[in-house]
Amino acid sequence: MNLPSEHNVLTTLLFDVSKALKENSIEYYLIGGSAIGAVRDHGIIPWDDDIDIGIQRKNFKQALKIIKDLNLKGTKIYIPSQEDEYDLTFAKIVRDVPSERLLDQETGITGAYIDIFPLDHTPKNKVLRRIHQLIFRIGHALTVAKNQPDKLGHKWGKIGGGLLKRYVSRLSYRQVYKKRDIFISIGQLFKKSGVFYNFGTPYKNDREIYYFSEINGYKLIRFENEFQPVPKGFDAILTRTYGNYMRPPSSKGQKHLTIL
């Protein structure tokens with residue numbers, strides 16, 4: 001796989017997306033591995049194969065409309081709950097890589113991409129937050145039972161998994177997504193909590209929560225050939241999520257993409 005070529009595509013795509021967001025005063029941040037890349041490597045982590053952006057839920061829908069309206073050549077946007085077989089809770093902005101056909105193993109989508117994650121309100125109280133996370137997992141299980149029933153997992157048990165599959169078989173994709181989204185939107189009841197959660201995170205419980213004091217502002221850090229924002233509380237966020245994030249991991253393989 002030609003990582004330099006892929007990184008060039010991602011860098012150009014990020015420039016196009018970030019320029020549009022800035023021009024429309026939409027606040028966004030590099031998060032996850034991309035925030036680590038900005039702080040530690042001043043660019044995409046050498047072995048990484050995507051870019052992660054976080055946007056508060058209140059700006060998420062508008063941000064996606066702005067990006068979609070750009071009609072960028074060779075680029076497709078996957079928006080949550082709007083395409084039958086795209087069941088993720090976050091958006092993907094996908095661009096073709098010249099002379100390579102790259103496959104995302106999770107979704108079957110081809111191309112290099114930026115993930116845009118909505119950051120949702122969630123309770124400050126730990127017990128209530130766990131309940132919110134559990135409710136979301138039930139909603140997410142509905143989408144998996146609809147789209148990828150073989151990946152539902154043993155934790156639901158044979159009877160539980162069977163009931164979920166039977167229930168969603170009577171529903172359209174959009175109806176299933178709507179139920180899942182309602183479970184996420186419960187967080188709107190806690191707008192004053194000062195706590196946000198990325199429901200698209202691969203990590204359990206509170207490893208990827210964000211406190212308002214940490215994301216109420218940003219710091220510009222050089223990322224490839226321009227400066228990009230990371231949350232002003234990036235050190236606390238990244239330490240909570242990854243531990244010693246400044247130390248590269250022993251395993252440095254690509255996480256998402258394979259070549260066809």
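Note that these values count all heavy atoms, side chains included, but never hydrogens, waters or copies made by symmetry. Worth saying up front: this structure is predicted, and the values here are computed from it rather than measured.
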Tell me whether the NZ or CZ atom of K146 lies within the 45° cone about the ring axis of Y173 and under 6.0 Å from its centre. yes

Would E214 and R240 satisfy side chain to side chain contact (heavy atoms under 4.5 Å, CB included), going step by step from the backbone distance to the final call? CA-CA 12 Å; E214 297 169 342; R240 186 165 53 243; 2.8 Å; yes

For D206 and R130: C-alpha separation, side-chain torsions, deciding distance, then whether salt bridge (Lys or Arg N to Asp or Glu O under 4.0 Å) applies. CA-CA 9 Å; D206 290 345; R130 290 291 181 274; 2.9 Å; yes

Only one of I79, D50, D104 forms a side chain to side chain contact (heavy atoms under 4.5 Å, CB included) with K92, so which one is it? D104

Determine whether L3 and E6 make a side-chain contact, defined as any pair of heavy atoms from C-beta on separated by less than 4.5 Å. yes

With S34, which residues qualify under side chain to side chain contact (heavy atoms under 4.5 Å, CB included), at least two apart? L30, I51, D52

Looking at Y113, is its backbone amide N or carbonyl O close enough to the side chain of R95 to form a donor-acceptor pair, meaning the two atoms are under 3.5 Å apart? no

Is the H42-F227 ring centre distance short of 6.0 angstrom? no

Measure the shortest side-chain to side-chain distance between D120 and F199 over non-hydrogen atoms and say whether it is less than 4.5 angstrom. yes

Is the side chain of D41 donor-acceptor paired with the backbone N or O of I44 at a distance under 3.5 Å, no angle test? no

Regarding R101 and D96, does a basic nitrogen lie under 4.0 Å from an acidic carboxylate oxygen? no

One pair to check against ring-ring contact (aromatic ring centres under 6.0 Å, His included): F117 and F90. What are the steps and the verdict? CA-CA 5 Å; F117 296 92; F90 52 91; 4.3 Å; yes

If Ile, Leu, Val, Met, Phe, Trp and Tyr residues are connected whenever their side-chain heavy atoms lie under 4.5 Å apart, and connections chain through other members, are L189 and I135 in the same group? yes

Approximate separation, where rounding is to 0.5 Å, of N198 CG and T122 OG1: 11.5 Å

Non-neighbouring partners of F190 that pass ring-ring contact (aromatic ring centres under 6.0 Å, His included), sequence neighbours left out: none

Compare all side-chain heavy atoms of E83 with those of Y78 and state whether any distance is below 4.5 angstrom. yes

Say whether Y28 and Q228, considering side chains only, have a donor N or O and an acceptor N or O under 3.5 Å apart. yes

Testing D84, D181, D87 for salt bridge (Lys or Arg N to Asp or Glu O under 4.0 Å) with R174, which one passes? D84

Whether Y203 and Y242 hold their rings parallel, tilted or perpendicular, with breakpoints at 30° and 60°: perpendicular

The side chain to side chain contact (heavy atoms under 4.5 Å, CB included) partners of T89 (sequence neighbours excluded) come to F136, R180, I184

Where do N216 and Y211 land on the side chain to side chain contact (heavy atoms under 4.5 Å, CB included) test, with the steps shown first? CA-CA 9 Å; N216 183 28; Y211 295 101; over 6 Å; no

For a 4.5 angstrom cut-off between non-hydrogen side-chain atoms, does I55 reach L119? no

